[in-house]
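To start, the structure under review is shown below, and the notes come after it.
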Amino acid sequence: MPKDHGIGASSKRREDVRFLSGRGVYTDDMALHGQTYAVFVRSNVAHGRIKSIDTSAASKMPGVLAIFTGEDFKDVGGNPAGWLINSRDGTPMREPKRPVLAHGKVRHVGDAYAAVVAETYNQAKDAAQQLADDSDIEELPAIVDMKKAVADSSNRVHDEIPDNLCFDWGWIEDNRAAVDAAFKSAPHVTTLELVNNRLVPNAMEPRSSIGEYNPGTGDYKLTTTSQNPHLTRLLVAAFVLGIPENKLTVVAPDVGGGFGSKIYHYGEEALVLAASRKLGRPVRWTAERTESFLTDAHGRDHVTKIEMASTKDGEILAIRTETLANVGAYLSNFSTATPTFLHGTLMAGPYKVPHVYVNVKTVFTNTAPVDAYRGAGRPEATFSIERIVDKMCRELNLDPFEVRRKNLIQPDQFPYTTPVGLVYDTGNYQATLDKLIELADVKNFDKRAAASKAKGKLRGMGLSTWIEACGIAPSNLVGVLGSRVGLYDAATVRVNATGNISVMTGAHSHGQGHETVFAQIVAEKLGIPESSVEIVHGDTSKIPFGMGSYGSRSLAVCGAAMTKAVDKIIAKGKKIAAHMLEAAEGDITFEDGKFSVAGTDKAKTFGEIAFSAYVPHNYPLETLEPGLEETAFYDPANFTYPAGAYLCEVEVDPETGKVDIASFTCADDFGHVMNPMIVEGQVHGGVGQGIGQALLENTSYDENGQLLTASYMDYAMPRADDVPFYTVDHSCVTPCTHNPLGVKGCGEAGAIGSPPAVVNAVIDALHRGGHTHVKHIDMPVSPARVWSAING
Amino acid sequence: MHNFDFVKPATIADAVKALSAEGAQALSGGQTLTPTMKQRLAAPSLLVSLTGIAEMKGVCMGDDGLSVGAATTHATVAKEAAAHYPALAALAGGIGDPAVRNRGTIGGSIANNDPAACYPAGVLGSGATVVTNRRRIAADDYFQGMFSTALEEGEIVTGVTFPVPEKAAYVKFNQPASRFALTGVFVAKFKDGVRVAVTGASNNGVFRWAEAEKALSSNFAASAVEGLTVSADDMIGDLHGTPAYRANLVKVLTKRAVAAAQ
Amino acid sequence: MTKVTMTVNGKAVSAEVEGRTLLSAFLREGLGLTGTHVGCDTSQCGACVVHVDGKAVKSCTMFAADADGAQVKTIEGMNNPDGSLSVVQQAFQDHHGLQCGFCTPGMVMSSAALLAENPKPTEAEIRHYLEGNICRCTGYHNIVKAVLAASGQDAAALAAE
Ligand SMILES: Cc1cc2nc3c(=O)[nH]c(=O)nc-3n(C[C@H](O)[C@H](O)[C@H](O)COP(=O)(O)OP(=O)(O)OC[C@H]3O[C@@H](n4cnc5c(N)ncnc54)[C@H](O)[C@@H]3O)c2cc1C
Ligand code: FES
Ligand code: FES
């Protein structure tokens, strides 16, 4: 029988009741007394020099309260990159200032160079239009193509950076010679050049921020669409505006999805705060979807050449990659970590590869900043590896299942040290592969292929065995790698006098269901009903300093902190119980919500202990403080390493090139699963996004740096009829060895493992249909591209 | 969006009068005009809603064919034309999504004449007559290239009359993002010949594929089109497909429409 | 300014609005019914779907003035009179048909409209009907399952697990 509550139960989500009744409160839902509206004036050229901005006409327009330009912020700080990466030669990366509003130059279409605040939205919008008309911006040639950008020093995104290169990173530089030697002597080398397509994250809730300044106290409040309110506070306070941290509260209320794009601090947040200080009134801003397309940090955008050395029977000997990674016009907060330590360190995949070398050059272009998007770096690594393994199998006429099986790290080889700097603590990659083959009914594929053929369709299947590193991240390790912050998390467990519980978490939920799952864990540990536990998140004035949610870290890091805090509560409860029951502390056991003296029937309920802690009449006040509230910080000892095997079956219509996903099967190992319903939902969502990347989503800039896909008219989002029901399984469990819950994280898996499975399936279908000249199709594998490949 | 005044007359005459004002524009379902105004690409000072005009709404079968009022929604056509002209009903039922179909109208669609819209193929493919407040215009004269029609200043579409063919079908291949027609083909077989209208493909908007009409008129079978080639000159090339790809779709979809015709 | 009168979730409301006031803005800002969301400016995402005279409509693509005299129902009007979740809403909770909740009001309103027209839709019909509602979180699996369940069909048997 599946459990009906506590750890491992598919408890229904309590947050759903408000969302389903229209009572969620997202940033833009808040109405504030005296509120004003900010509208940004954004560049319509990709690259230009700001000659002049004449504010005189706009400032006289009805309702206009204030106008800001880059000049107003030239003396405050810039929005920094969170990781300092060194180039192969040891020189530090080039880090241009990212101002609140563009100053001197505009560097991408959508780059905000001024803002208007007015009484109403329409007034602000009208004045912004006037201001745009009254601005003189000299258009400069746009730098869009990465290869051209690094080759041409005469045209620069940032005048001080000659070759538009942020850094040239080698991982691991010392291994390079050995890798090159392995290639020289290899019996077979497979080569593939591919593009990991740029994506727009497209959380359905557009970014939105409200700044409030209280002239009486000097306090600021920023309500904003953030995945990590404390990090935003730190960046705004310490780096950009120079507000004392204790004078700024950041609240991230209900947030409508993030997928990475809401990790980062954006200039709009600083602007609404600065404007509210100037006006003494709340200032609000909500992005139109077009603004989201132009200014939310995009994802992926790698151009990669990958080579694989192998024996003739498919044993992988070495992997070597060269990647150009687009960072866009400015460095967004995680932009330098994503193509490096979240990508290069995964380039051995789940395989026993003795030699790996990764080279990444990150390039500035006149496009929107690029940063972590669901999976962040790991989808890029997985795609490169899983595509080239498949290509190698085809070149050598080998079975893709067997080749993977042969190369997978064996269960008895853990902990396994890879040549790219990670130690995988545990796993059983054969088990998930076996499970997949069973679930996907691989043995009857030929029957299904025949049925497809009868309809005039080509059927193919594509496999991907993937691994990722998440549960971000061990602070000392990432510190060595260049991170400028720690990546621990924190939780406070407050037992109230009446025995119910408030848990304040550093993690932030924007769809993941923390309010339910975290309560399940606490309830189970304390033997109390889930309904007695309330989870509080998203408000820096309430929660301990945590680092928010991304990188599949909420449970693995914050959940671990919360578990530690619960353990402290139990430890203190035992002390109180020992006093009340007149027994030695060592004799007290805690089980099913009761503190008992071992071997006797003497016991106190959890509620009685809580009451006693707050009404300390019979209480060891000499040795113990009253109250029952504990905070714990947790810094992980290692990353966690979820892994799995995915299989996609497609049907290709050879006449139109249209690809339909016939089935998609996932066998994952996430370690222990706290709420299967939610875990499965995370995989569904990730796979949906992965299918989107593989088949539909294309972010296209023309040579002038104009975004051609700036709305849903041209950016193809997956819809309900683009995807099938997925088959997902997480019954293969090797618990994480180093966090107290044994969890690995499941938020990004689907988006990491799925794109290569889809593309491998398309190539397989074409080969089975006789189109063996097709070696690769870049994503999105759109109908037009498939048709061109067939007919090319 | 710029502000404007809003009126909702009850008769064609009142609507036409209201539209004679400076800066006035007709609003039907608003599924095209509203997003356009949000982008500030249109800024009328007066919107004249046509959806309160009873005489411009409804589907009715008469001697000269199926008449559809200009302010009839796609959803209504999908439902009410099904018994009389299933291919047209299916076309209407495949436009956009249910919420768009509940508001968008045939009059708005053909007045706008988006090169990727569905109705222009149905209207041209059926050889329908566009009825306005002033005259009746044959479909062949009405569509005049992308976003351009025979409508004159102050003239509004009040209805469309479709001769009902023996057999017809519309096959649409979705543009993956907008889900308008990347290419769509309407094939209609009448006693005296076959009409084939193509939308989404050409830089000149909806057009008739004469060679296919000829071939299909003598042999109404998908194989009749097999030997024909479609020139990629003048086809639309964009992110979602090259001219050659669209030319291919024209042929593939024509075959499929013939096979599906009922 | 135009005077509009309409019935929203069973209550008569009337107000002076500008011509350009969209129904979505009227509901959110005028009436404080912020359950109706706005997720795009090109009429594609469906987060704003409400019922106007019983039909699903994108409230971001209709002027408030055009809804004069109409019966409007929003997500706030979907709960049972006792405040409990209606069958469709309950099915979304039971089958985890939502994550961040932003697309959810539109999804629920579209799903309810579908079930009113077609009480026992197939999986394909559900997917087709929901093509104007974008969800970035769920991959649609559990949304489709929820709608199947809300129609009284055995969702678990129909959706591969
Ligand atoms: C998400 C979405 C998806 C869509 N998908 C499709 C699709 O797949 N296929 C497709 O064909 N269309 C599609 N459309 C467009 C839709 O069909 C529109 O409804 C239609 O094109 C315009 O009709 P309307 O009644 O909404 O016109 P409106 O938007 O009200 O008006 C459009 C234009 O026509 C003028 N006009 C309106 N009525 C008249 C009249 N009677 N006489 C003269 N001028 C008039 C208006 O002044 C305006 O310039 C889609 C729209 C959306 C929002
Ligand atoms: S907000 Fe109405 S469709 Fe997106
Ligand atoms: S639940 Fe987040 S967009 Fe659908």
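Letters A, B, ... mirror the listed sequences (proteins, then strands); counts begin at 1. What's counted below: heavy atoms across the whole structure, side chains too, no hydrogens, waters or symmetry copies.
Contact record, A/Ala784 with B/Gly241: CB-CA, 3.9 Å, taken as the closest heavy-atom pair.
Interface remark: A/Pro718 contributes no atoms to any contact with chain B (heavy atom separation under 4.5 Å).
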Check chain B and chain A for donor-acceptor pairs under 3.5 Å and report each one on its own line.
residue  : atom : partner  : partner atom : Å
B/Arg40  : NH1  : A/Asp126 : OD1          : 3.1
B/Arg40  : NH2  : A/Asp126 : OD1          : 2.7
B/Gln175 : NE2  : A/Met713 : O            : 2.9
B/Ala177 : O    : A/Arg719 : NH2          : 2.9
B/Ser178 : N    : A/Met713 : O            : 3.3
B/Arg179 : NH1  : A/Asp721 : OD1          : 3.1
B/Arg179 : NH1  : A/Asp721 : OD2          : 3.1
B/Arg179 : NH2  : A/Asp721 : OD1          : 2.8
B/Arg179 : NH2  : A/Asp722 : OD1          : 3.2
B/Arg179 : NH2  : A/Asp722 : OD2          : 3.1
B/His240 : NE2  : A/Asp714 : OD1          : 3.0
B/Tyr245 : OH   : A/Thr656 : O            : 2.5
B/Asn248 : ND2  : A/Glu655 : O            : 2.9
B/Lys255 : NZ   : A/Glu655 : OE2          : 3.3
B/Arg256 : NH1  : A/Asp653 : OD2          : 2.9
B/Arg256 : NH2  : A/Asp653 : OD1          : 3.1
B/Arg256 : NH2  : A/Asp653 : OD2          : 2.9
B/Arg256 : NH2  : A/Glu655 : OE1          : 2.8

